[in-house]
Amino acid sequence: MHELAIGSAIVDTAVKHARGQRVTAIDVRLGRLRQVVPDSLAFYFDIVSRDGPCEGADLRIEHVDSSLRCPACWCEWDPAPPPMATHEEVGADGPPPLPSFRCPTCNEPGKVLTGGELEVESIEISDEAPSETATPETQLT
Amino acid sequence: MHRTKIKVAEDALDANQTIARANRDDFDREGVRVVNLMSAPGAGKTTLLEASLSDLGDVRVGVLEGDVQGSMDADRIAGLHIPVVQLNTHNGFGGECHLDANMVRSAIPDLDLSAIDLLVIENIGNLVCPAEFRVGEDVRAMITSVTEGEDKPLKYPLMFRACELVVVNKVDLLPHLDFDVDRLLANIETVNPGAQTMLVSAKTGEGVAEFRDWLSGVPSRAGAVA
């Protein structure tokens, strides 16, 4: 449920950049290596944005795939597990081993290139004044 | 109505990072090294601290206990005559499931930093959320216990990747469990190559000396982790 705190952080970031105007959309880049559940984030965002400049804003989440690079051979790979295989696909040998954070070729620990993002990329503001009741600091806590 | 797009490109947790850096500056100024200790609920964080903190030699230790509510853990640490501050997220922090930098900052005035060399922050028991929030620590360590299953590093990679030490606790129970330690260690290695691991039993004391040595070594690793 850290999506509640992250939702608040996204609202705070958007408000900080909104120059006192109403926020109509927020574009967020969310990496696959972050354990943030998008539906949960959207749910809490609706709650923590109430009665503030971000109320009703469209939270647009762009998912960023994960990729690692080997510092030795410079190969790149995705350490995220593949989608769940069906029972028939798994077969008698069991599921394939999960991808490692070590280089599949030379065994060096990989450096994260993408997938760690939790970034407010941009916001869209409206020249319509925020409603009378709007207070920038509104939070659940 | 006119709409304008504004480029932001800012980490959503930037505010937390800024406060974490301020905490870190406060700790550094007093020469206090800080460990952020995390685990699932019931993995044995407090029991391991009880078993290890009373005998740290010259290292003066203090503890910041994070819990949603209650002071059971802080009472146990206080029983060892170790300075301890209880932080409840139920009081004013909405019952959050993790500690963040601001919560730790609110507790700093209650800590006599000049009287300690090492601060152990016992985070709230949770394998997901605490991994997202830096609190101003030098190093992050976690405990996983052999009653939790070998697959936990694969299910909670963020936490296992966040820590440079993974303590495997409750190894005294191994004879009673179908638990494959080698598989657990291989899974830790899969998600966090090169992470340090140690096998301990806070109950019998097995391996606790190694953890104590690691804790004692933290002060000399100044600035090892940003």
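Only heavy atoms go into these numbers, but all of them, side chains included; no hydrogens, no water, no symmetry mates. Below, chain A is the first sequence line, B the second, and so on; all start at residue 1.
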TODO: Apply the test side chain to side chain contact (heavy atoms under 4.5 Å, CB included) to residues B:Val200 and B:Val168: give CA-CA distance (whole Å), side-chain angles for both, the deciding distance (0.1 Å), then the verdict.
DONE: CA-CA 6 Å; B:Val200 310; B:Val168 182; over 6 Å; no

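- Note that CZ of B:Arg105 is 5.0 Å distant from CG of B:Asn23, once rounded to the nearest 0.5 Å.
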Task: salt bridge (Lys or Arg N to Asp or Glu O under 4.0 Å) between A:Asp127 and A:Arg22, intermediate numbers included - done: CA-CA 7 Å; A:Asp127 55 10; A:Arg22 195 161 79 81; over 6 Å; no

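- Looking at A:Asn107, neither its backbone nor its side chain comes within 4.5 Å of chain B, counting heavy atoms on both sides.
- With a 4.5 Å cut-off on non-hydrogen atoms, A:Ile125 touches chain B through its backbone and its side chain both.
- Ranked by heavy-atom pairs under 4.5 Å with chain A, the first of B:Val128, B:Asp14, B:Asn187 is B:Val128.
- Listed options A:Arg34, A:Glu108, A:Arg102, A:Glu119 were ranked by heavy-atom pairs under 4.5 angstrom with chain B; first place goes to A:Arg102.
- Looking only at atom types and distance, the side chain of B:Asn16 has no donor-acceptor partner in the side chain of B:Asn102 under 3.5 Å away.
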Open item on the list: B:Lys152 vs B:Thr144, test: side chain to side chain donor-acceptor pair (under 3.5 Å). Steps then yes/no.
Closed with: CA-CA 8 Å; B:Lys152 290 301 169 285; B:Thr144 187; over 6 Å; no

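- For chain B, the nearby part of A:Arg19 is the side chain; its heavy atoms alone come within less than 4.5 Å.
- Distance OG/A:Ser67 to CG/A:Leu113: 4.5 Å, rounded to 0.5 Å.
- Only the side chain of A:Val112 comes within contact range of chain B, with heavy atoms under 4.5 Å apart.
- Most heavy-atom pairs under 4.5 Å with chain B: of the set A:Gln35, A:Glu124, A:His17, this distinction falls to A:Gln35.
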